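The next block holds one structure in the form of structure tokens; read it before the comments.
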Amino acid sequence: MNFTLYRNKDINNPRKKNYTILNAETDRLSYVGNNFGAGALKCNTLCRYFVGVLDEPSGQMEVYNAELFNMQPLISDDVADNDLSEYLAKSYREKVDLCIEAFGTNKQRKALNSRRMNEVRKEVLNEAVIKAAENVIETKGVAALIHDAAEDEKTDVSLVLPPCHEDAKKPEDVYKFEDIISPAEYEALQAPATVFMNVTAADILKMTEEKSYCSFVLDELKSMPLDEKGYDHKARCLWFFDCLVKLNSQKVVKKKRKDLFLLLYQVYFCRVDRKELANNWQQSKIGRLSPNPFLK
């Protein structure tokens, strides 16, 4: 570190003749301090300071007057304006990174380098994805991609629900009955559904105690249609619905959305009002993830 002392040339002025500027040069920065102005230390006017230099051969010490200087780093005035504007334009995160890079600990610098490497990898991945997307667009065209996306969306919906007829005029036609239970399956339900034929209150009570069927099915058995055809139809549907509930409760089977079955039953068998169906769909778990087919 090299020191340079500058004194005021106006020795005739009793105030200015003691003005002094001290400059310290290092490899990285320059530091400047003075004994006048706003940055001067007030302690120099309140007391005197001395520095003693010991002469080891003679054992005598020489005493010299001294002053205290508050040394501050000097930012060069020849810095270009665009450099300063570039720094001011940086975000807070970027400024913190510059401080860590200059004064941070080894742990902080290591974390900074790791985060920058991850950003570079993410940027490279994004560029690769964009390039691949541009190649696909050039090859297939925008119209073909939109058509494929629409077909994929239809396929995804069909994995959860049967085909939706949004132009249906009646609630029961939104999802057609034969799309849920095919005619062959409907005929096959005749034999097992006989367990629900001509059930009495005592039979329902026994089923409730044995818990052989779900509570919804047991409640519906209490209000079966009076005509034979309607009674047989509902019995088959209730038996099919109970099978779905039991299948859903099996741990070895992949879980599906539980409220889907109740909504389907309302659509096909209960003939619930369309507005009520729309509200039930919106409140259900699947309704939060899928478009509402009961609203236009």
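Fair warning: this is a prediction, and the values are worked out from it, not measured in the lab.
- How far OG1 of Thr45 is from CG of Asn35: 10.5 Å, rounded to the nearest 0.5 Å.
- By the 4.0 Å N-to-carboxylate-O rule, Glu67 lies too far from Arg48 to be salt-bridged with it.
- Applying the salt bridge (Lys or Arg N to Asp or Glu O under 4.0 Å) test to Glu119 and every residue at least two apart in sequence or in another chain returns Arg115.
- We find the NZ-OG1 distance between Lys206 and Thr208 to be 12.0 Å, quoted to the nearest 0.5 Å.
- To the nearest 0.5 Å, atoms CG (Asn118) and OG (Ser114) are separated by 4.5 Å.
- Residues Glu101 and Leu112 have side chains in contact (heavy-atom distance under 4.5 Å, counting atoms from C-beta outward).
- Side chains of Cys214 and Phe241 form a contact here, defined as non-hydrogen atoms less than 4.5 Å apart.
- Going from atom SG of Cys47 over to atom CG of Asn44 covers 7.5 Å, rounded to the nearest 0.5 Å.
- Partners of Glu185 according to the salt bridge (Lys or Arg N to Asp or Glu O under 4.0 Å) rule, which considers only residues two or more places apart in sequence or in another chain, do not exist here.
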ask   = Can you check side-chain contact (heavy atoms from CB on, under 4.5 Å) on Lys234 and Ser223, steps first, answer last?
value = CA-CA 10 Å; Lys234 189 171 183 179; Ser223 57; 4.1 Å; yes
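- Side chains of Leu218 and Lys222 form no contact here, defined as non-hydrogen atoms less than 4.5 Å apart.
- Gln72 is listed as a side-chain neighbour of Asn70, based on a closest heavy-atom distance under 4.5 Å.
- Ion pair Arg236/Asp232 flagged as a salt bridge, since at least one NZ, NE, NH1 or NH2 atom sits closer than 4.0 Å to an Asp/Glu carboxylate oxygen.
- More than 12 heavy-atom neighbours from other residues, nucleotides or ligands sit within 6.0 angstrom of CZ on Phe50.
- Tracing side-chain contacts under 4.5 Å through hydrophobic residues (I, L, V, M, F, W, Y), one never reaches Leu41 starting from Phe69; they form parts of separate clusters.
- Counting heavy-atom neighbours within 6.0 Å of Gln60 CD, excluding the residue itself, gives a total of 12 or less.
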message = What verdict does the side-chain contact (heavy atoms from CB on, under 4.5 Å) test give for Thr4 and Glu25, after you've listed the backbone C-alpha separation in whole Å, the side-chain angles of each residue and the deciding distance to 0.1 Å?
response = CA-CA 8 Å; Thr4 305; Glu25 295 284 347; 5.6 Å; no
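- Hydrophobic clustering (ILVMFWY, side-chain heavy atoms < 4.5 Å, transitive): Val53 and Met61 are in distinct clusters.
- Side-chain contact check for Val63 versus Val51: every heavy-atom pair is 4.5 Å or farther apart.
- Residues Val199 and Met207 form a side-chain contact, since some pair of their non-hydrogen atoms from C-beta on lies under 4.5 Å apart.
- The closest side-chain heavy-atom distance from Asn8 to Phe36 is not below 4.5 Å.
- With hydrogens and angles disregarded, no donor-acceptor distance shorter than 3.5 Å links the side chain of Asn2 to the backbone of Ala24.
- Aromatic ring orientation, Phe177 versus Tyr186: perpendicular (interplanar angle above 60°, classes split at 30° and 60°).
- Within a 6.0 Å sphere centred on CG of Leu54, heavy atoms belonging to other residues, nucleotides or ligands number more than 12.
- Legend: residues meeting side-chain hydrogen bond (donor to acceptor under 3.5 Å, both in side chains) with Asp203, ordered by chain and number and at least two apart, are Thr200.
- Around atom NZ of Lys246, more than 12 heavy atoms belonging to other residues, nucleotides or ligands sit under 6.0 Å away.
- In this structure, Glu127 contributes its side chain and Val124 its backbone to no donor-acceptor pair below 3.5 Å.
- Ring centers of Phe196 and Tyr231: at least 6.0 Å apart, outside the cut-off.
- Met197 and Val217 fall within the same hydrophobic cluster, where Ile, Leu, Val, Met, Phe, Trp and Tyr residues are linked whenever their side-chain heavy atoms come under 4.5 Å apart, directly or through other members.
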request  = List the steps and the verdict of salt bridge (charged side-chain N to carboxylate O under 4.0 Å, His left out) for Asp173 and Lys169.
outcome  = CA-CA 7 Å; Asp173 293 336; Lys169 296 182 179 180; over 6 Å; no
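- Shown here is Asp55, whose CG atom has more than 12 heavy atoms of other residues, nucleotides or ligands within 6.0 Å.
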task = Verify side-chain contact (heavy atoms from CB on, under 4.5 Å) between Val195 and Tyr213, making sure each step is shown before the conclusion.
result = CA-CA 11 Å; Val195 69; Tyr213 300 97; 3.6 Å; yes
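- Residues Met224 and Leu238 meet the side-chain proximity criterion, which asks for heavy atoms closer than 4.5 Å.
- Put simply, Tyr64 and Leu68 are part of two different groups of oily side chains (I, L, V, M, F, W, Y) that touch within less than 4.5 Å, one to the next.
- Remark: Lys110 NZ to Ile100 CD1 distance equals 15.0 Å, nearest 0.5 Å.
- Here SG of Cys237 is found 11.0 Å from CD of Glu220. Values are rounded to the nearest 0.5 Å.
- Under a cut-off of 6.0 angstrom, the local environment of CD in Glu94 is crowded, with over 12 non-hydrogen atoms contributed by other residues, nucleotides or ligands.
- Few gaps surround CZ on Arg109; more than 12 heavy atoms of other groups in view lie less than 6.0 Å from it.
- Applying side-chain contact (heavy atoms from CB on, under 4.5 Å) to Tyr6 and the options Asn34, Thr20, Leu22, Asn23 leaves one that passes, Asn23.
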inquiry  = Set out, in order, the CA-CA distance, both residues' side-chain angles and the distance that settles side-chain contact (heavy atoms from CB on, under 4.5 Å) for Arg116 and Asp97, then state yes or no.
reply    = CA-CA 10 Å; Arg116 286 179 173 176; Asp97 291 345; 3.8 Å; yes
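- Of all non-hydrogen atoms in Leu189 and Pro192, the two that sit nearest each other are O-CD, 3.4 Å.
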